[in-house]
Amino acid sequence: MDDTITSKCKKLIVAAIDFGTTYSGYAFSFQNSWSKVLTNNWQGGSLISHKAPTVLLLNREAEFVAFGYEAEDQYAHLTENGTHEEYYLFQRFKMILHQDEELNRGVKCEELCGKKLEAIKVFAFCIKYLKKKLLEEIQNKVLGTTDDDIEYVLTVPAIWGDKAKMFMREAASNAGIKSETLTMALEPEAASIYCQHLHLENEDLSASALGVVSPGEKYMLVDLGGGTADITVHEKAEDNTLAELVPASGGPWGGKSVDDAFMTFLSELAGSDAMKLLKEESMEDFVEICRSFETKKRTIPPEKTGFTTMTLPQSYFNYGKKCHKVKDFKEVIEKSPTYKDKVKSAPGKLKWQNDHFRGFFKKTVDSIIKHIDDLFQETLVQDVGTILMVGGFSDCEILQKEVKKHFSDKKVIIPAEAGLAVLKGAVYFGHVPQAISRRSARYTYGIQTWPPFDENNHPESKKMTMRGKTRCKDVFFKYVKKGERIYPGYTKSQIFHTVGDAMEKLECSVFISDHPSPVFVDEKGCRRLGILEIPLTKAESRSRREIEESMIFGETELKVRAEDLFTGTVKEVIFDLLRE
């Protein structure tokens, strides 16, 4: 890394919180030592302070009890005492935000035993805990440090929509992070920054690092976490910043989808009632299964023949026998038309042929490879020769083998500590947010307008009369085109007129589309993102005024500004995407 680069952060410390599906953690760097933040040994005041499973325990009053391993252990103890029904245990819930179209402020998370709670509270509790631990670590390093000395960075998947990002910002605000001190970092961008500037001791750069990237070089960044596969393509610009070539894309193909396949197998084999009993009466054993499979998932050899054996708690077998009303678990297997030829049992163990065990990975791995394959068909991506894999799921040897096999003509790189690339890169991004100079719009953005009706171009069904004039309703007025390469701060404006009536506010609906050139806001692929509300004073509402509304693109989040052109004052804009 170029140590002469100056941090743009005005605070003493940049602190990143990586809120993950499976694990969450934080890191921080002092402003005067930030240039060493990406070294392998984290010297100069930069360190990884905390990492734990994203598991939250709340009591009946929805009050915080514990987070991480402590939450799992306490809940296991509660199940032994039969008091767990008075508590909520949330795990791997981040994926609820992946369904951006249906997201609103009232959406709820379902905990382990089916009870539900507002997701905004669940997310806020987790962020608040991580923030508290982070501040404690910092204060141990520098006495007298306060929250006002910190610039926070919160990571989010790039494939998330604008609603999910607003949801995370609101949750962070509820957790005590001031909005003006919070920056959102897109996970693959943070990882890309980290890998570009990684100092390496290994001489074999092709095996573990991206190495030095020259202006004009391109590479595909595949961020494979616990919940999602988040993929983008970057090109190094002449000023050494990174330019995104195509919109970030991906899907729910993280390590959790492999876990889900395994848990589905356990449930189908022993019976759903058996798994329900396991969770209700032997939570400690259920947690043990999850942890054991997490280890096995990362270490199973991709090509080895023979068998895979996994030790399971005896309670799993006992509940299976109870639900099937048999004396030996082998009878449970023999009764299964799906699994009787694929799995065997031994005392306290299940045993698969390796090919069958690797089947838990197939759907997820196939989805990732197909999506990467589709990306390579795009014009701007066809000459990309390097695939850079980061994220915890990238450590999976089966996945690595299949990617290298399918893309044998590409250079596939998995850097050391791939699972920490996002967290470390987020700290760097907090110091130099302009490291990303171009982004590619994920959607076409625009507003609803009513232009004069044109009989030659507009359908009769859209014809309407407004204040004595014939208009065409529902026309999509385009601001930004899907795939358009835009720089941070790119602004599109529209002037609105107050009409002289007593109005409390101006309203404007903002729409997005999956298509590059939508014509009407109600056609397939279009949906309303949210409503812009510009409050008006009495003077503005009773006289004809021009209000310039500007939407600011190219940042990690969509921003809005409004200006009264008569007075020159910048007005408050309410852009609520989470209204039910």
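Counting from 1, the numbers follow the sequence of the chain as shown.
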Asks: For Lys276, enumerate each residue passing the salt bridge (Lys or Arg N to Asp or Glu O under 4.0 Å) test, keeping only those at least two apart in sequence or located in another chain.
Replies: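 With sequence neighbours excluded, Lys276 shows a salt bridge (Lys or Arg N to Asp or Glu O under 4.0 Å) to no residue whatsoever.
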Asks: Identify, with sequence neighbours excluded, every residue that meets salt bridge (Lys or Arg N to Asp or Glu O under 4.0 Å) alongside Lys178.
Replies: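 Counting only residues at least two positions away or on another chain, Lys178 forms a salt bridge (Lys or Arg N to Asp or Glu O under 4.0 Å) with Asp148.
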Asks: Can you tell me which residue pairs pass the ring-ring contact (aromatic ring centres under 6.0 Å, His included) test with a partner in residues 140-176, sequence neighbours excluded?
Replies: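 Passing the test, one end in residues 140-176: Phe123-Phe167.
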Asks: I'd like to check the side-chain hydrogen bond (donor to acceptor under 3.5 Å, both in side chains) partners of Glu281; sequence neighbours left out, ordered by chain and number.
Replies: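 By the side-chain hydrogen bond (donor to acceptor under 3.5 Å, both in side chains) rule, Glu281 matches Tyr319.
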Asks: By salt bridge (Lys or Arg N to Asp or Glu O under 4.0 Å), which residues pair with Glu288, not counting sequence neighbours?
Replies: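 None.
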Asks: Using the side-chain hydrogen bond (donor to acceptor under 3.5 Å, both in side chains) criterion, which residues pair with Glu86? Sequence neighbours excluded.
Replies: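 Here the qualifying residues are Arg60.
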Asks: Residues two or more places apart in sequence or in another chain: which of them pass ring-ring contact (aromatic ring centres under 6.0 Å, His included) with Phe265?
Replies: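 In terms of ring-ring contact (aromatic ring centres under 6.0 Å, His included), with neighbours along the sequence ignored, Phe265 is linked to Tyr339, Trp352, Phe360.
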Asks: Under the ring-ring contact (aromatic ring centres under 6.0 Å, His included) rule, collect the residues that match up with Tyr88, sequence neighbours excluded.
Replies: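 Phe90.
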Asks: Tell me every residue that passes ring-ring contact (aromatic ring centres under 6.0 Å, His included) with Tyr129, counting only those two or more places apart in sequence or in another chain.
Replies: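 Only His50, Phe64, Phe67 meet the ring-ring contact (aromatic ring centres under 6.0 Å, His included) criterion with Tyr129.
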Asks: In chain order, what residues pass the ring-ring contact (aromatic ring centres under 6.0 Å, His included) check against His356, with sequence neighbours excluded?
Replies: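 His356 satisfies ring-ring contact (aromatic ring centres under 6.0 Å, His included) with no other residue.
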Asks: Report the residues that fulfil salt bridge (Lys or Arg N to Asp or Glu O under 4.0 Å) with Arg358, sequence neighbours left out, ordered by chain and then residue number.
Replies: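 For Arg358, the residues satisfying salt bridge (Lys or Arg N to Asp or Glu O under 4.0 Å) (neighbours in sequence not counted) are Asp355.
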Asks: Once side-chain hydrogen bond (donor to acceptor under 3.5 Å, both in side chains) is applied, do any residues pair with Lys362, and if so which ones, sequence neighbours excluded?
Replies: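 side-chain hydrogen bond (donor to acceptor under 3.5 Å, both in side chains) list for Lys362, sorted by chain: Asp366.
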